[in-house]
Amino acid sequence: MKVEQDVHVREVGLRDGLQMVSTFFPTEEKMAWIAAECAAGVREIEVTSFVPVKLIAQFSDAEEVTRQALQIPGLTVMALAPNLKGAERAFSLGVHVVDYVVSVSRTHNLKNVRREREESLADFERIVSARNAAGLTGRVKLAAGLSTALGCSYEGRIAVDEVRRCAAFLAQAGAEEIMVADTVGYADPQQVREVFKSVMAEVGNIPVAAHFHDTRGTGLANVAAALDCGVRIFDASLGGLGGCPFAPGASGNIVMEDLCFMLDSMGLTTGVDLHQLLLVRDIAARNLPPNMLTGALARAGLPNHYTTAKQRAAPRS
Ligand code: COA
Ligand code: ZN
């Protein structure tokens, strides 16, 4: 039986993290990471990116990783697609969720996907049509991400109104989720409240997810602010691996282990076993250059006498 959790945590390190790593992370080790993290309770994992191999060789095994991930019971398999061609590759395999991205910053969109933001928005409409024409409506979910929504290393601060307008367009076009991303880690909690409230008011019942980077130490404070707005879906990466090859100064996502600890401590269930999650780091670490993983929980350990949110919620016998 599937237990509904208070908060959905999603691992994005195999995409956001590995796109920054030039040494190839062997396919069987990617699968070991995915299987172990799923067993630890992270049931939504962005497993790869459908980009041209000559652009990011790390994802030359995108098809194989996806095929194998789809065999893991209980796992929601997500994958990034930056254009229609990427989405079609994902559709043909039956990925559960395709994550499409548009940058709110015009300059970042040009650098990242080599086209105007309006072209990227229009491409999303084509992706929705292609998904529907392939008979995959209701089987493949389309999530639309707004990159650089909280700041851009080329353009600086991004107007809330621009974020809201892009979100409205994507919702109207058929996005089944809107993901708001602080791609370069510029956001603060006050700004998070402003932007998320605006987007959530605009898109109505469509779930809004948060994707934070901890580049300047505001990552978990931003999570707390987003929780206050009612956000219940968060991206994070094991050991804080992450960044964007097309955004100068971008560094790691919020750390999955620290996120799960904070949520659990607050009494919000995630379904994740913290001890088991910490062990997954060994798989990532043995395939990466030294010292790439960060994380406070891994450094400090759980508090003495820690009881989990689930244990605290259980009625005493
Ligand atoms: N997967 C595989 N091949 C693809 C592809 C995809 N998603 N998209 C395009 N291609 C191929 C085309 O078929 C074409 O091949 P050909 O030269 O053999 O004819 C070639 O790549 C160029 O296609 P084009 O449409 O001109 O793409 P482009 O060179 O303008 O690049 C993107 C556009 C979107 C594919 C590229 O900029 C990209 O992948 N960006 C994503 C960057 C990223 O991952 N950022 C971090 C995450 S947000
Ligand atoms: Zn990111």
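All figures in this text were calculated on a predicted structure; none of them were measured in a lab. Note that ligands are numbered from 1 as they come in the structure, with each ligand's atoms numbered from 1 the same way.
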Checklist entry - Quick one: which of Val53, Val113, Val101 has a heavy atom closest to atom 34 (C) of ligand 1? => result Val113

Checklist entry - Can you name the N, O or S atom of Asp16 that is closest to the Zn ion (ligand 2)? => result OD2

Checklist entry - How close do Thr215 and Val184 get, heavy atom to heavy atom, and via which atoms? => result OG1-O, 3.5 Å

Item to check | Lys/Arg-Asp/Glu bridge criterion (N-O < 4.0 Å) met for Glu63, Arg89 | outcome: yes

Checklist entry - Quick one: which of Gln19, Lys54, Met20 has a heavy atom closest to atom 47 (C) of ligand 1? => result Gln19

Checklist outcome for this item: Quick note on ligand 1: atoms under 4.0 Å from a heavy atom of Ile56 include exactly 44 (O)

Checklist entry - Any side-chain heavy atom of Phe59 sitting closer than 4.5 Å to one from Val53? => result no

Checklist entry - Is any N or O atom of Ser147, backbone or side chain, closer than 3.5 Å to an N or O atom of ligand 1? => result no

Next on the checklist: If we count only non-hydrogen protein atoms and require a distance under 4.0 Å, does atom 1 (N) of ligand 1 qualify as touching the protein?
Outcome noted: yes

Next on the checklist: Under a 4.0 angstrom heavy-atom cut-off, which atoms of ligand 1 come close to Arg115?
Outcome noted: 33 (C), 34 (C)

Next on the checklist: Within the protein, is there a heavy atom lying under 4.0 Å from atom 11 (C) of ligand 1?
Outcome noted: no

Checklist entry - Within a strict 4.5 Å, meaning less than it, do heavy atoms of the Glu11 and Glu44 side chains meet? => result no

Item to check | side-chain hydrogen bond (donor to acceptor under 3.5 Å, both in side chains) between Trp33 and Glu37, intermediate numbers included | outcome: CA-CA 6 Å; Trp33 175 357; Glu37 195 162 338; 2.8 Å; yes

Next on the checklist: Give me the nearest non-hydrogen protein atom to atom 28 (P) of ligand 1 as residue plus atom name, then the distance to 0.1 Å.
Outcome noted: Arg114 NH1, 3.8 Å

Next on the checklist: For Asn83, which part has a heavy atom under 4.0 Å from ligand 1: side chain, backbone, both, or neither?
Outcome noted: side chain

Item to check | atom 31 (O) of ligand 1 touched by protein heavy atom at under 4.0 Å | outcome: yes

Next on the checklist: Please check if the number of heavy atoms outside Arg312 that lie under 6.0 Å from its CZ is greater than 12.
Outcome noted: yes

Item to check | Heavy atom of protein inside 4.0 Å of atom 18 (O) of ligand 1, strictly below | outcome: no

Next on the checklist: Please evaluate residues Arg106 and Glu155 with respect to the criterion salt bridge (Lys or Arg N to Asp or Glu O under 4.0 Å), reporting the C-alpha separation (whole Å), side-chain torsions for both, the decisive distance (0.1 Å), and the verdict.
Outcome noted: CA-CA 8 Å; Arg106 173 178 181 259; Glu155 295 190 5; over 6 Å; no

Item to check | Those atoms of ligand 1 less than 4.0 Å from some heavy atom in Phe50 | outcome: 1 (N), 6 (C), 7 (N)

Checklist entry - Could any protein non-hydrogen atom be found less than 4.0 Å from atom 15 (O) of ligand 1? => result no

Checklist entry - Could an N or O of ligand 1 be found under 3.5 Å from any N or O of Arg89, whether backbone or side chain? => result yes

Next on the checklist: Quick check: Tyr306 with Phe261 (ring centres under 6.0 Å apart)?
Outcome noted: yes

Item to check | Thr148 OG1 to Asn109 CG distance, which is reported to the nearest 0.5 Å | outcome: 7.5 Å

Checklist entry - Between atom SG of Cys38 and atom CE of Met31, what is the distance when rounded to the nearest 0.5 Å? => result 10.0 Å

Item to check | For Arg15, atoms of ligand 1 separated by under 4.0 Å from a heavy atom | outcome: 47 (C)

Checklist entry - Any Lys/Arg nitrogen of Arg164 or Glu202 sitting under 4.0 Å from an Asp/Glu carboxylate oxygen of the other? => result yes

Checklist outcome for this item: Among non-hydrogen protein atoms, atom 48 (S) of ligand 1 lies closest to Asn112 ND2, 3.4 Å

Item to check | Side-chain heavy atoms of Arg232 within contact of Asp6, under 4.5 Å | outcome: no

Next on the checklist: Only to 10 degrees, please: what angle do the NE2 atom of His213 and the NE2 atom of His211 make about the Zn ion (ligand 2)?
Outcome noted: 100°

Checklist entry - Hey, are the side chains of Val9 and Met256 touching, using non-hydrogen atoms and a 4.5 Å cut-off? => result yes

Item to check | atom 5 (C) of ligand 1 - nearest protein heavy atom and its distance | outcome: Lys85 CG, 3.4 Å

Checklist entry - Under 4.0 Å from atom 45 (N) of ligand 1, do we find at least one protein heavy atom? => result yes

Checklist entry - Is there at least one protein heavy-atom neighbour under 4.0 Å from atom 40 (N) of ligand 1? => result yes

Next on the checklist: Any protein heavy-atom neighbour for atom 24 (P) of ligand 1 (distance below 4.0 angstrom)?
Outcome noted: no

Checklist entry - To the nearest 0.1 Å, how far is atom 21 (O) of ligand 1 from its closest protein heavy atom, and which atom is that? => result Pro52 CG, 4.1 Å

Checklist entry - What part of Leu55, side chain, backbone, both or neither, has a heavy atom within less than 4.0 angstrom of ligand 1? => result side chain

Next on the checklist: Evaluate Val280 against Leu238 for side chain to side chain contact (heavy atoms under 4.5 Å, CB included), listing each step before the verdict.
Outcome noted: CA-CA 8 Å; Val280 185; Leu238 194 77; 3.8 Å; yes

